[in-house]
Amino acid sequence: MPDSQPNLDFSKLNLDRPTLNAIEQLLNYIELLIHPEQKSEELTYLYKLKNDLVQIKSQKKKVGSKMVAADVRGLKHAFNAHKVASQETTGISSYLLLFYAAECGMKFAWLRRNNLSTTNDIADSTLLSRDGHNLNIWKKELKIPASIGYAPAFSLDVGGADLEVAKAHQAWRYGIRMNADKEKELVEWLEKIYNWVKEEINR
């Protein structure tokens, strides 16, 4: 063991996560080679390095990965703005904006109904992380009348398999053509959701 331990500062190296994982695996292997009773100084130094790595990995996971919080005022504004914009264009751009109008409106209605200020206040994170675009889940959460029904499945021109509404915004965003009849049904459903939210807002 050298007289002085090297002063390694991983935070200054701007290492990506795969490299940090590789270093962590290496340190874990080195730890197995050190006898815990005879090499206490080495273990102390090793544990410090491993702890530094854990903190850096945690910071990298947090930076840029947290969803932007939306508040009720912003959601209400987006609900109206997306709808207006959808009426000023046609085709997939119009449908995409209508989808986002419906999504923002449903989230606004849900926050207001639950007396919450922003999406950061939602306890069940899966409503945003996993089900953020799944409008059927939001319809269920809001107990929207059965007369409106759930979003019809759609299919692509190529592939043909039925897909759920959560994926519709991707198809429209990337210009992937849908089956025309099913696309029409889905757009009509989104209009119904928009109208329901509009009535809910005005109560």
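No experiment lies behind these values; they were computed from the predicted model shown. For the numbers below, each heavy atom of this structure counts, side chains included, while hydrogens, waters and symmetry mates do not.
A chain of hydrophobic side-chain contacts below 4.5 Å, direct or via other Ile, Leu, Val, Met, Phe, Trp or Tyr residues, connects Ile148 to Tyr194. Hydrophobic clustering (ILVMFWY, side-chain heavy atoms < 4.5 Å, transitive): Leu186 and Tyr174 are in one cluster. Clustering ILVMFWY residues whenever any of their side-chain heavy atoms sit less than 4.5 angstrom apart, transitively, puts Val187 in the very cluster that holds Leu163. The cluster map of Ile, Leu, Val, Met, Phe, Trp and Tyr, joined by side-chain heavy atoms under 4.5 Å apart, puts Val84 and Ile201 in different clusters.
For the pair Lys192 and Trp196, the minimum side-chain heavy-atom distance is 4.5 Å or more. In this structure, Thr118 and Leu111 have side chains that are not in contact, with every pair of non-hydrogen atoms separated by 4.5 Å or more. Two residues are said to be in side-chain contact when any heavy atoms from C-beta on lie closer than 4.5 Å; Phe154 and Glu183 fail this criterion. Side-chain atoms of Asn134 and Val165, non-hydrogen and from C-beta on, do get closer than 4.5 Å to each other. Two residues are said to be in side-chain contact when any heavy atoms from C-beta on lie closer than 4.5 Å; Tyr100 and Phe79 fail this criterion. Phe108 places none of its side-chain heavy atoms less than 4.5 Å from the side chain of His77. Residues Glu103 and His169 have side chains not in contact (no heavy-atom distance under 4.5 Å, counting atoms from C-beta outward).
When all heavy atoms of Arg113 and Lys143 are compared, the closest pair comes out as NH1-N, 4.3 Å. Across Gly149 and Lys139, no two heavy atoms sit closer than the pair O-CE, 2.5 Å. Residue Met178 comes nearest to Ala168 through the heavy atom pair CE-O, 3.9 Å, listed as atom of the first residue, atom of the second, then distance. Here the closest heavy-atom approach between residue Met106 and residue Leu142 is recorded as O-CD1, 3.5 Å. Between Leu190 and Leu135, the closest heavy-atom pair is CD2-CD1, 3.6 Å.
No side-chain donor-acceptor contact under 3.5 Å links Lys182 to the backbone of Ser155. Remark: side-chain polar atoms of Asn136 are paired, donor with acceptor, to backbone N or O of Ala151 under 3.5 angstrom.
Using bins of under 30°, 30° to 60° and over 60° for the plane-to-plane angle, the ring pair Phe99/Trp172 lands in the perpendicular bin. In this structure, Trp110 and Trp138 have perpendicular ring planes: the angle between them is above 60°, well past the 30° mark.
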Enumerate, atom names and distances included, each donor-acceptor pair closer than 3.5 Å involving a side-chain atom of residues 85-98, sequence neighbours excluded.
unit_1, atom_1, unit_2, atom_2, d
Ser86, OG, Lys83, O, 2.6
Ser94, OG, Ser86, O, 2.7

Using residues 69-76 as the side-chain source, report each donor-acceptor pair under 3.5 Å to any protein atom, sequence neighbours left out, with the distance given to one decimal.
unit_1, atom_1, unit_2, atom_2, d
Asp71, OD1, Arg73, N, 3.3
Asp71, OD1, Gly74, N, 2.6

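If you take CG on Asn51 and CG on Leu49, they are separated by 9.5 Å, rounding to the nearest 0.5 Å. Glu141 contributes atom CD, which lies 9.0 Å from atom CD1 of Ile122 (distance to the nearest 0.5 angstrom). The distance from the CD atom of Glu200 to the CG atom of Asn202 is 10.0 Å, given to the nearest 0.5 Å.
Legend: residues meeting salt bridge (charged side-chain N to carboxylate O under 4.0 Å, His left out) with Asp157, ordered by chain and number and at least two apart, are Arg177.
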Walk me through it: do Leu156 and Asn179 pass the test side-chain contact (heavy atoms from CB on, under 4.5 Å)? CA-CA 5 Å; Leu156 306 179; Asn179 172 283; over 6 Å; no

